[in-house]
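This is the structure I have questions about; it appears just below.
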Amino acid sequence: MTLRDAWEAEAANWVEWARRAGHDSYGRFHRDAFLELLPPPGRRTLDVGCGEGRLARDMKALGHSVAAVDAAPSMVAHAREADPDGEYVLASGSELPFPDGSADLVVAFMSLQDMDDPEGAVREAWRVLERGGRLCIALVHPINSAGTFESDEDDAAFVIRDSYFERRRYVDTIEKDTLRMTFTSDHRSLEGWLAPFADTGFLLERVREVPATDNPRWRRLPLFLHVRALKP
């Protein structure tokens, strides 16, 4: 199964999961920190891998002119339903239907790890960005996706049993507050995720490792990774 098909199959579950107040990691760990990472609104912001559209809606509220894309048809349909006046396009991140240099900001929020061709998505971000434009991403931190805690105890050991460096598919099924969601993503090392940026020509401006300050275990290790890169 492709990653696109895996997320298409989970679209209805994801909408429930993402839109229940206080349920997902977005509000707890991401929203304010990631939005602060973005440059001020410019002429065009592309949201690549928009899912059900929550970040696109938040960026619009802050003044961004947003066009959002996702490869899963049901995700695009849910995003359009929630924001009928928004621009939501069915497209792959590695084949963006926008002209060269047409944007000054590309965002891939928690989506590169769920794309079948993330290297192609980085190259496409470079193509559609004007010079001086920026690409901002959020990912599951490679430490997080590489291992697991041995228990729920505050001082539990974190163990990486498989190779940290090996690229691999992983599937997590989580049940929380009567909701069930299956997350299917790819693990890569930190170098594996960031090498395509350097290979394409991006310059890294900011790298942030995001812990969970309210969780004793995840205060010790990063949950997520936020990156801002410049097209010089």
With sequence neighbours left out, what residues match F158 under ring-ring contact (aromatic ring centres under 6.0 Å, His included)?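 ring-ring contact (aromatic ring centres under 6.0 Å, His included) check on F158 returns F149, W218.
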State, with a plain yes or no, whether a side-chain heavy atom of S74 is found less than 4.5 Å away from one of W14.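 No. Closest side-chain heavy atoms not under 4.5 Å.
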Verify side chain to side chain contact (heavy atoms under 4.5 Å, CB included) between R169 and T184, making sure each step is shown before the conclusion. CA-CA 7 Å; R169 181 71 44 86; T184 305; 3.6 Å; yes
Do Y170 and D162 meet the criterion of a side-chain donor-acceptor pair at a distance under 3.5 Å? no
Determine the minimum heavy-atom distance between A82 and R57, stating which atoms define it.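 In terms of heavy atoms, the two residues are closest at CB-NH1, 3.5 Å.
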For the ring pair H226 and F34, is the centre-to-centre distance below 6.0 Å?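 H226 vs F34: aromatic centres under 6.0 Å.
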Can a donor-acceptor pair be found, under 3.5 Å and without considering hydrogens, that links the side chain of N144 to the backbone of L223?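 Such a contact is found between N144 side chain and L223 backbone.
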Exercise: identify the closest heavy-atom pair between A71 and L90: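 Closest pair (atom of A71, atom of L90, distance): O-CD1, 3.5 Å.
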Pairs under 3.5 angstrom only: tabulate donor-acceptor contacts from the side chains of residues 102-109 to other protein residues two or more places apart or in another chain.
| residue | atom | partner | partner atom | Å |
| --- | --- | --- | --- | --- |
| S102 | OG | P99 | O | 2.8 |
| D104 | OD1 | R44 | N | 3.4 |
| D104 | OD2 | R43 | N | 2.8 |

Short side-chain to backbone donor-acceptor contact, H187 and Y164, under 3.5 Å: yes
Mind checking what makes ring-ring contact (aromatic ring centres under 6.0 Å, His included) contact with H78, not counting sequence neighbours?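 Counting only residues at least two positions away or on another chain, H78 forms no ring-ring contact (aromatic ring centres under 6.0 Å, His included).
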Checking the side chain of D24 only, and the main-chain atoms of A18 only, is there a donor and an acceptor separated by less than 3.5 Å? no
Check this for me: E95, atom CD, are more than 12 non-hydrogen atoms of other residues, nucleotides or ligands nearer than 6.0 Å?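 At most 12 heavy atoms, drawn from other residues, nucleotides or ligands, come within 6.0 Å of this atom.
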Can you list the steps and then say if L46 with V69 is a side chain to side chain contact (heavy atoms under 4.5 Å, CB included)? CA-CA 8 Å; L46 304 184; V69 305; over 6 Å; no
Is the closest side-chain heavy-atom distance between L55 and L35 below 4.5 Å?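 Yes - at least one pair of side-chain heavy atoms lies under 4.5 Å apart.
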Separation between CG of L112 and CD1 of I137, rounded to the nearest 0.5 Å: 5.0 Å
Quick check: does any side chain N or O of R228 sit under 3.5 Å from a backbone N or O of L37, one acting as donor and the other as acceptor? yes
Quick check: does any side chain N or O of R168 sit under 3.5 Å from a backbone N or O of S163, one acting as donor and the other as acceptor? yes
Nearest non-hydrogen partners of P142 and W193, listed with the distance: CG-CD1, 3.9 Å
Nearest 0.5 Å, please: how far is CG in N215 from CZ in F29?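 Between atom CZ of F29 and atom CG of N215 there are 7.0 Å.
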Non-hydrogen side-chain atoms of Q113 and S145 separated by less than 4.5 Å: no
Take H23 and M181 through the side chain to side chain contact (heavy atoms under 4.5 Å, CB included) test and state the conclusion after the steps. CA-CA 12 Å; H23 186 78; M181 177 70 199; over 6 Å; no
Could you check whether any side-chain N or O of R134 sits under 3.5 Å from a backbone N or O of A229, counting only pairs where one atom can act as donor and the other as acceptor?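 Answer holds: no.
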Evaluate the side-chain proximity of R180 to W17: yes if any heavy-atom separation is below 4.5 Å, no if none is. no
So F197 and L135, side chain to side chain contact (heavy atoms under 4.5 Å, CB included) or not? Walk me through it. CA-CA 9 Å; F197 286 69; L135 170 60; 3.4 Å; yes
Is there a side-chain contact between Y26 and M110 in this structure, where contact means two heavy atoms from C-beta onward sitting under 4.5 Å apart?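 Answer no - side chains too far apart.
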Flag the pair L38 / M59 as yes when at least one side-chain heavy-atom distance between them is below 4.5 Å, and no otherwise. yes
When hydrophobic residues are tied together by side-chain contacts of less than 4.5 Å, even through go-betweens, does F183 share a cluster with V210? no
Using modelled atom types and a 3.5 Å cut-off, is there a donor and acceptor pairing between side-chain atoms of E87 and backbone atoms of V89?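 Absent.
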Look up atom CH2 in W7 and atom CG in D114, then write down how far apart they are to the nearest 0.5 Å. 5.0 Å
If we ignore hydrogens and angles and just use 3.5 Å, is the side chain of S92 paired with the main-chain N or O of S94 as donor and acceptor?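 Yes, S92 side chain to S94 backbone: donor-acceptor pair under 3.5 Å.
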Which pair of heavy atoms, one from R208 and one from A33, lies closest together, and at what distance?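 Closest heavy-atom pair between R208 and A33: NH1-O, 3.3 Å.
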Check for me, please, whether V122 and L3 land in the same ILVMFWY cluster - side-chain distances under 4.5 Å, paths through other members count.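 Hydrophobic grouping puts V122 apart from L3.
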Side-chain heavy atoms nearer than 4.5 Å, only ILVMFWY residues, links allowed to pass through others: does that put L230 and L129 together? no
Backbone N/O of P222 and side chain of E209: donor-acceptor pair under 3.5 Å: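 No, the answer is negative, given that no donor and acceptor are paired below the 3.5 Å cut-off.
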Any side-chain heavy atom of R127 within less than 4.5 Å of one from K231? no
Do L62 and V66 belong to the same hydrophobic cluster, where Ile, Leu, Val, Met, Phe, Trp and Tyr are linked whenever their side-chain heavy atoms lie under 4.5 Å apart, directly or via other members?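 They do share one cluster, since a chain of ILVMFWY contacts under 4.5 Å joins L62 to V66.
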Quick check for you: to the nearest 0.5 Å, what is the distance between M115 atom CE and D186 atom CG?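 Going from the CE atom of M115 to the CG atom of D186 covers 12.0 Å.
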How are the rings of H30 and F224 set relative to one another: parallel (under 30°), tilted (30 to 60°) or perpendicular (over 60°)?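 It falls in the tilted class, 30° to 60°.
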Applying a strict under-4.5 Å side-chain criterion to I, L, V, M, F, W and Y, I'd like to know whether F165 and L221 cluster together. yes
Could you tell me whether the side chain of P211 reaches within less than 4.5 Å of the side chain of R217, counting heavy atoms only?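 The answer is no, as the side chains (C-beta and beyond) never meet within the 4.5 Å cut-off.
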Approximate separation, where rounding is to 0.5 Å, of D70 CG and S111 OG: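 The CG atom of D70 sits 8.0 Å away from the OG atom of S111.
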Can you name the nearest heavy-atom pair linking F202 to A125, along with the distance? CZ-C, 4.3 Å
Salt bridge or not between D58 and R31? Use side-chain N to carboxylate O under 4.0 Å.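 Judged by the 4.0 Å cut-off on N to carboxylate O distance, D58 and R31 do form a salt bridge.
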Looking at D85 and K60, is there a salt bridge between them, counting it only when a charged N and a carboxylate O are closer than 4.0 Å? no
For P196 and E119, work out which heavy atoms get closest and say how close. CG-CG, 3.9 Å
Here the gap from R220 atom CZ to I143 atom CD1, rounded to the nearest 0.5 Å, amounts to 12.5 Å
